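Below, chain A is the first sequence line, B the second, and so on; all start at residue 1. Just so you know, these numbers come straight off a predicted model, no measurement behind them.
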Amino acid sequence: MNLSLLIIVPVFVSMAILLCRDAKQVRIAALLGSAIQLGLAFALFFAYRAEREAGNTAQMLFTYKTPWFAPLHINYSVGVDGISVAMILLTASVVVAGVLVSLSVENLTKEFFFLLLLLSSGAYGFFISLDLFTLFFFLELAVIPKYLLIGIWGSGNKEYSATKLALMLMGGSALVFVGILGIYFEAGTFDIIELSQNQLSVATQHFFFPFLFIGFGVFGALFPFHTWVPDGHSSAPTAASMFLAGISMKLGGYGCLRVATYLMPQAAHEYQGIIILLAAIAILYGSFATMMQTDLKYINAYSSVSHCGFVLLGIGMLTKTAITGAVMQMVSHGLMTALFFAAIGMLYSRTHTRAVEKMGGLLKITPFIGTVFFIAGLCSLGLPGFSGFAAEMTVFMGSWQNNDMWYRLATIAACASIVVTAVYILRALGKVMMGPLLDQHHAEITDAGWNEKLAAVILIAGVVLVGVAPLLLQHLISPSADAIMQNVLKAAL
Amino acid sequence: MTVSSFIFYVLAAFILGSGFLAVTTRKLFRAAIYLLFSLIGIAGLYFWMNYEFIAAVQIVVYVGGIVVLIIFSIFLTHHVGAEMERPNRLRAGFAGLAAFFAFIFCSLVIYKNQFAVPDQTPVPLTVDRIGMQMLSLTEHGYILPFEVVSMLLLAAMIGCIVIAMKLPEKTS
Amino acid sequence: MTGDFKIILIPLLPLLSFLLLGLFGRKYLRESSGLIGTLSLLGSALLSVFTAYNYFFVTGKVNGIYQPLVVLQQTWLEFSPGVSIDMGMMIDPISVMMIVIVTFVSLMVHVYSLGYMKGEERFATYYAFLSLFTFSMLGLVLSSNIFQIYIFWELVGVSSYLLIGFYFDRPSAVAAAKKAFIVTRFADLGFLIGILVLSFGAETLDFRTLIERLTTATPQLHGMITTSFLGFSSLTWGLLLVFAGGAGKSAMFPLHIWLPDAMEGPTPVSALIHAATMVVAGVYLVARLFPVFAISAPGALHVVGYVGALSALFAAVIACTQTDIKRVLAYSTMSQIGYMMFALGVSGYGGEHGLGYMASMFHLFTHAMFKALLFLGAGAVIHYVHSNEMEDMGGLRSKMPVTHLTFLIACLAISGIPPFAGFFSKEEILTAAFEHNKLIYGIALFTSGLTAFYMFRLYFNIFWQKDFHSELSDHHGEGPWSMLVPLIILGALAVGAGFVPFSHFVTSDGKELETSVNIVFSVAPVLFALTGILIALRLYKSENETPARLANGFGSFYQGALHKFYIDEVYLFITKKLIFNLVGRPSAWIDKNIVDGGVNLSADLTEDTSGLIRNWQSGNLQQYAMWFFAAIIGLVMVFMSVWK
Amino acid sequence: MDLSILISMKFEMALTLIIFILLFLKIDGRAGNQFFFRITNLLLVLSLGLYFLPARYGQFFSGMFRTSPLLEFEKVVLLMATIIISLSSYHWLKNFNHVAEFYMMILSSLLGMFFMMSSDNLLMFYLGLELSSIPVAALCNFDLDKKISSEAAMKMILSSAFSSAILLFGVSLIYGTTGSLDYYVLSRAVVGTPLQIMAFILIFSGFAFKLSVVPFHLWTADVYEGSPVAVTAFLSVVSKGAMAFVFITTLYWVFGNLGGTWYYMLAILAVVTMIIGNLFALRQSNLKRFFAFSSIAQVGYLLIGISGFVKASLSIGSVVYFVLIYVFSNLAAFGVISVISALTGKETIEDYKGLYRSNPTLALLMALALFSLAGIPPTAGFFGKLFLLTAGSSTGAWPLIIIASLNLIISLYYYLRIVRAMFIDESSEPLAKISLSFSEMAAFLLCAGGILSIGFMKGLFEVIFNISGGL
Amino acid sequence: MEVTLNHILFLSTALFFIGVYGFLTRRNVITMLMAIELLLNSVNINFIAFNKYLYADKLDGVFFTLFLIAIAAAEAAVAIAIIINIYRNYKSIDVDDVDTLKW
């Protein structure tokens with residue numbers, strides 16, 4: 001399977017969109033393009049499984065490498081392991097759903113979908129990169145489209161939020177770049193596989209690990225670098241919120257894992273305590289901060305901070321199970337939060353408010369959206385049967401395996417957040433969906449259209465599939481997480 | 001002290017004195033004249049060093065050209081005899097101090113420096129030699145710089161014309 | 001294999017029914033949804049009975065001991081070698097008993113709801129939720145893996161949330177549902193951490209392996225006993241935390257506060273969830289891990305006993321003061337579950353020592369019958385009166401004769417009057433308590449008197465006292481047949497369930513246990529119960545001033561009980577005041593002002609610096625030259641003296 | 001002398017030829033603006049083709065002139081930049097009285113840069129420097145009816161005369177200590193005596209002045225703002241590019257022995273330059289002034305690249321590569337400014353509000369340029385900037401790299417200000433729709449193509465890297 | 001006392017800093033230009049002196065001086081043209097008045 005297709009297809013589709021004559025064509029092109037992406041992602045998934053079942057034990061499959069800037073030893077190098085495949089599946093689903101939900105965008109339609117698809121190609125590129133430089137390229141590629149999506153199509157204090165998001169992400173990637181340069185300085189290569197085989201010196205790891213981890217951490221909403229999350233998400237248009245929370249924040253987690261932890265295992269051990277501390281703070285503090293929010297998007301955004309904390313916690317714990325859980329949590333949170341944002345977007349486009357206290361009893365008026373809301377909410381609070389549960393439990397189990405009293409306390413703190421999560425999710429659900437109808441104007445609003453329904457169904461299918469049969473995902477991820485752990489263990493010896 | 005050195009010190013005092021006056025006097029026209037003196041003094045210095053050709057060029061170009069140009073521009077822009085504004089005190093003070101200490105420092109560095117001891121036979125500086133070398137393509141030939149300077153003069157001339165000659169606006 | 005398949009069908013049928021009704025019910029199957037749900041449940045119930053028969057009489061006993069059988073085991077999630085969540089079905093005496101109870105009571109409720117919920121707009125949704133609940137509960141009791149039980153535990157929690165909040169346009173229902181979910185979730189946190197502790201120590205999640213490893217001398221047990229934290233061994237911690245989860249679901253003090261509020265749900269739901277099935281999950285959980293409790297961590301078991309006893313007494317006291325009939329029943333449920341819990345607490349493992357265990361299960365069994373009956377009866381009353389308050393009732397015995405009769409049976413059963421079902425099970429419990437712990441025995445005895453008192457207070461208030469007047473009074477108050485049939489069936493069982501030779505089937509070690517009713521011993525409890533009934537008769541048979549005077553006499557104690565001893569207020573204080581104000585609000589504030597403020601501050605600082613140095617670019621050429629010159633001087637100074 | 005010298009000096013010959021053709025046409029007096037415009041651009045484009053004329057590499061005129069593949073490449077880049085400037089100034093030149101003079105001046109200046117780059121001798125270097133800067137000073141005044149234009153010219157000529165006088169003083173001292181002006185001799189004879197270091201610092205400050213390194217930068221913004229847009233573009237791109245080329249060669253080669261000194265100088269100045277450039281750019285509203293400061297900040301990155309002397313060919317390669325990219329990015333921006341300024345006279349960010357709605361092409365091009373300058377992928381600027389930092393990191397100067405990376409954030413902020421004005425903000429009086437001429441279209445397409453494709457031309461960097469090895 | 005190279009260098013250095021002082025303090029643009037001429041002349045003196053005293057076998061310094069004089073002329077010409085323009089536009093040739101462009 002040619003992985004480059006994953007990058008090329010969205011780029012071509014976005015170009016095609018630019019050539020379209022009217023909004024209708026644009027929509028069709030975008031839809032088709034994203035559907036093809038989804039198809040490709042699944043094709044990749046099956047091809048990957050087939051290859052693994054055929055006994056291919058190479059760490060990365062479908063690799064392709066060609067020199068890009070030969071004098072600097074920069075290659076365009078791609079390949080996937082289970083973790084990447086999982087992230088690609090996530091990306092494809094969220095993009096399709098995002099396109100579906102946004103079919104009603106009227107203002108500058110062409111540009112909107114152009115940017116959206118460009119974003120997706122950045123995400124794919126990031127997940128399949130095996131070269132630090134290309135990885136960084138794709139990481140930064142995603143910053144500006146986000147800025148524009150929020151700035152042009154957003155709502156509320158959009159310019160502030162967009163700028164803040166762009167600058168903070170840029171700051172994150174600047175740190176990442178320093179870290180990458182540090183690696184390059186010592187090893188003279190950007191190749192991840194090569195780097196993983198030859199350990200970097202302890203001094204290098206010690207100095208540059210924080211750069212990489214914090215840099216990616218900014219993307220992954222590491223406390224206290226998460227403040228772009230609430231503002232950015234809440235100002236963004238629906239599809240962009242879905243993308244931001246669903247995929248973009250995963251870039252951070254993935255980077256922390258694939259680059260920081262994998263290539264600098266010794267430093268990961270060294271800084272483990274700090275990582276865990278920050279993650280635990282993010283989890284608890286994020287959920288408590290969520291409790292006080294009254295804007296639906298803020299609620300979901302803060303809860304994303306909390307949920308992404310699980311990812312970092314899992315990575316920080318440095319056990320195979322915890323890392324597997326972290327990746328599962330990325331997938332799960334991606335789907336779930338995208339679903340949540342989609343539901344919020346559907347509501348907002350109808351009621352023109354996101355304030356919790358201004359809505360009530362909508363379940364009766366819009367049963368479909370209401371149900372979606374419930375499913376998203378229940379998934380968010382970690383209900384078995386939905387993806388969140390399996391992911392969080394894997395993180396908890398994995399974390400507990402780290403036999404250190406303080407880390408266990410952090411785990412307990414993280415577990416405690418599921419209660420707080422229940423509080424705010426149920427509060428929001430109870431306010432918005434249940435209770436008597438608050439605003440009589442809302443009696444007239446319509447339920448979801450076909451595109452919205454389809455989007456929701458795709459995401460729900462993902463959430464439920466992972467939730468009901470987590471082993472599918474776990475078997476995909478676990479061997480690859482093990483490979484990363486092997487590196488970590490090697491360093492510990 | 002030989003006559004030669006005496007002449008040198010006189011010249012030096014003259015150059016520096018008139019140079020200093022050129023940058024301090026508050027009469028613009030006088031400043032130009034002091035500058036002229038200073039330049040002539042420098043030409044004298046060249047004479048003193050037996051570089052007559054350079055001295056000649058100095059007089060022709062500087063005294064005959066540049067200073068005249070400056071004086072012209074003074075006429076164009078200034079009322080004769082009017083005093084110039086005093087320099088800003090603070091700035092003057094700072095500039096004076098800075099220039100003075102920089103001078104001391106610079107002189108010290110130069111003074112301490114061990115220059116190479118000359119052991120070559122001097123080349124006599126004759127006009128024909130200069131001319132030959134100026135237009136020579138071979139070793140130590142200066143034909144290329146010469147051409148470049150000519151381009152520079154051309155460009156400068158065109159530039160001056162465009163800027164200084166305000167053509168009547170074309171009606172377009 | 002065919003038998004296995006039948007067992008799998010037991011939870012599967014309700015699941016299918018849920019999916020069918022959930023996906024298509026609202027649009028296409030609205031009319032037939034009740035029937036679909038009921039039929040699927042009927043199937044499950046029949047299969048359960050068949051399974052029970054098969055287990056108890058054909059396959060279950062090997063060498064005279066009932067062996068746990070694992071019918072199906074499918075890895076669902078794998079953590080590390082040996083530690084994985086397996087979806088399985090374990091058949092052993094208590095799970096078989098539970099599936100029978102669950103499917104049976106659920107069936108009764110399904111049938112009952114056909115009449116009770118008729119005309120409800122979201123009829124299909126209601127049945128979907130009921131099916132979901134039944135599925136979850138069945139999954140819970142059949143679990144072969146401690147994590148599996150947690151999974152279904154959560155599912156049970158959410159289905160109860162959905163059912164309690166079924167009338168979602170009532171704010172009180174929404175609040176109650178939320179409260180139930182959050183409180184139980186808080187308890188589940190303990191359960192989860194308990195699982196983490198146990199699984200890490202025992203290196204397994206599978207019940208059979210877990211129990212085996214933690215009850216015999218294995219390195220795992222040794223490890224868990226020797227590591228300690230804050231004075232308890234990690235095994236004790238694990239078990240206590242797991243018990244916390246159970247206590248939450250079973251509404252043990254102080255995690256009981258959700259149960260009375262949960263009465264906001266439709267009454268059949270209360271019958272199903274809050275009487276017979278979900279609330280006993282905690283008891284079931286402790287029973288499931290009982291060998292570990294009893295053999296390796298008797299300390300933890302003591303805690304179970306005291307918590308149970310305290311809850312039983314506490315709830316009974318409150319129940320005496322409540323006026324909402326469902327709340328009285330709710331507190332009585334709590335009280336009865338307290339009985340089951342302390343019965344486990346006072347039990348030992350194996351043989352005669354395991355009497356408490358057997359008694360607890362027995363009580364669970366009988367209680368399911370009469371409590372479901374009580375709720376359904378109360379439902380019938382509410383259905384007729386359209387109110388939950390005792391005030392609005394009275395003298396209904398003539399309007400609703402069937403309901404009256406069955407309700408009376410249930411009251412007698414719960415009060416422990418022979419020969420009704422409750423007598424037998426309560427008897428065993430008291431015996432066990434008497435043998436092990438006199439304090440608990442005393443509490444239990446007193447409580448049984450209270451129980452009889454408040455139950456008959458309820459009974460007299462509903463069916464006697466004043467005459468009932470309403471515009472509907474001319475026709476009789478009984479519901480349709482669909483509501484009456486379950487009442488009658490359950491009534492019959494409330495009478496007869498006590499005669500089941502329970503100790504032959506369900507014991508702590510799987511061996512048969514011979515028990516006999518000791519007449520002498522029975523005198524005390526029956527006397528207490530009769531006293532309670534007589535007092536109730538005296539006070540509530542007809543309207544009079546005595547109850548009010550009595551209430552005044554008790555003064556603040558009465559007020560405290562009426563207000564449920566202000567536990568709710570304490571919780572509100574902790575959550576609303578302490579957590580919201582001291583944690584939530586500061587978190588949000590810090591985020592807005594410090595973390596975010598830091599980001600904004602750095603941006604502002606940059607702006608300001610930019611403004612500060614603006615004058616550098618003054619527009620004056622000489623100043624520029626000055627800088628130029630100064631810079632050279634600076635460079636020369638630095639690089640010729642400092643940085644050579 | 002043989003003809004191969006002329007071929008080796010092909011670009012210089014071509015430029016001289018064009019200047020004289022223009023001179024004669026101007027004296028002839030019949031040709032109109034359009035004609036000058038067309039003929040010059042045609043000739044310039046033709047002379048681009050000279051790149052493919054094989055030439056002999058090496059020294060000529062006893063070190064007064066030198067060619068190498070790298071130099072040819074650099075020259076072709078600058079020539080192309082000049083063509084782009086010329087093409088995108090169509091609207092300005094159309095109604096300008098002195099088109100021929102404009103071209104003569106600008107080409108003289110370019111010629112001066114070529115000689116300056118090709119010199120192996122301080123005299124030629126100095127002559128080239130003056131030839132490149134005096135005509136530009138005059139050019140600054142070419143908006144004859146604008147007050148600020150003459151102010152800019154005055155600031156330019158006086159400060160550049162001052163700086164070159166200081167530079168000359170340094171040159172004279174170097175001459176005094178070594179007895180030669182030839183680079184080859186100098187590279188051995190300059191060994192780092194105090195006098196030499198002082199002389200070097202004086203020369204260095206001359207370079208720093210031309211490159212607008214803080215604190216030698218103060219003239220930059222004023223001159224950029226006052227000059228005609230085309231001249232600003234020329235100053236900020238061509239002039240700076242040429243200077244960067246010369247700077248790096250001079251440092252690495254002539255003053256290679258003083259590496260210990262200039263490395264730290266570069267490091268300190270790079271930091272100051274980036275920070276100050278960014279801080280000033282933050283609050284600008286006039287676009288030309290804005291780009292002045294942005295280009296100052298860019299120079300900071302350039303200095304970091306230059307400082308990475310450990311891997312010399314990487315440093316040189318990345319500097320050349322950066323300049324190439326910078327040409328396209330900055331000229332795209334200036335092209336847009338030029339068109340809008342020529343047609344409407346508007347030059348502030350405020351005026352650009354809502355530009356995307358009325359002029360999507362211009363807005364998109366501007367955005368591309370800004371992203372490239374900010375170093376955002378997939379534009380070429382991303383690669384350019386990163387390679388500079390990569391080169392700079394070869395000395396292990398991490399504080400420097402960290403500060404540079406963090407400065408990227410500030411710069412992104414102010415670049416986004418313009419993007420925001422164009423795409424997000426609404427304007428009460430948006431600019432009217434502008435129809436572009438063919439030449440402007442061509443220039444813009446070239447810029448956009450360059451910005452988008454340079455990073456993905458696999459072999460390009462390799463080529464540059466390889467020819468950089470031979471200085 | 002014999003006149004040595006250092007004496008001449010002392011002279012030129014002094015002249016140079018006099019020029020610098022003039023350039024930094026004179027507010028009249030023309031006098032600033034004059035200061036620049038002083039600077040250039042000081043450089044000339046340097047070149048000639050070095051050539052004469054140290055490297056008399058070649059004429060590098062002399063030629064440099066020659067070219068420098070030519071360039072000084074060109075520069076002065078352009079500068080004066082611009083100054084005249086300034087005077088036309090600002091009616092003043094005081095640098096302190098010519099500061100429209102700033103910040």
Please classify the contact between [X] and chain B as side chain, backbone, both or neither, with a heavy-atom cut-off of under 4.5 Å.
{"X": "E:Ile82", "answer": "both"}
{"X": "E:Thr65", "answer": "side chain"}
{"X": "E:Ile80", "answer": "side chain"}
{"X": "E:Leu54", "answer": "both"}
{"X": "E:Tyr53", "answer": "both"}
{"X": "E:Ile93", "answer": "side chain"}

Comparing E:Val29, E:Ile8, E:Thr4 against chain B, the one with the most heavy-atom pairs below 4.5 Å turns out to be E:Ile8
By a 4.5 Å heavy-atom criterion (distance strictly below it), what part of [X] contacts chain E: side chain, backbone, both, or neither?
{"X": "B:Tyr46", "result": "side chain"}
{"X": "B:Phe8", "result": "side chain"}
{"X": "B:Tyr51", "result": "side chain"}
{"X": "B:Ser150", "result": "neither"}
{"X": "B:Ser38", "result": "side chain"}
{"X": "B:Ile104", "result": "neither"}

With respect to chain E, which residue among B:Asn113, B:Val67, B:Leu39, B:Ile54 yields the maximal number of heavy-atom pairs within a distance under 4.5 Å?
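The option with the most such pairs is B:Ile54.
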Check: B:Val123 and E:Lys58 side chains under 4.5 Å, non-hydrogen atoms:
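Answer no - side chains too far apart.
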Would you mind listing every side-chain hydrogen bond (donor to acceptor under 3.5 Å, both in side chains) that reaches into residues 103-112 of chain B, with sequence neighbours excluded?
none
Do the charged groups of E:Arg26 and E:Asp94 touch, with an N to O distance under 4.0 Å?
no
Parallel, tilted or perpendicular, judged at 30° and 60°: which one describes the rings of B:Tyr142 and E:Phe63?
parallel
Mind checking the CD-CD1 spacing from B:Gln58 to E:Ile45? Nearest 0.5 Å is all I need.
8.0 Å
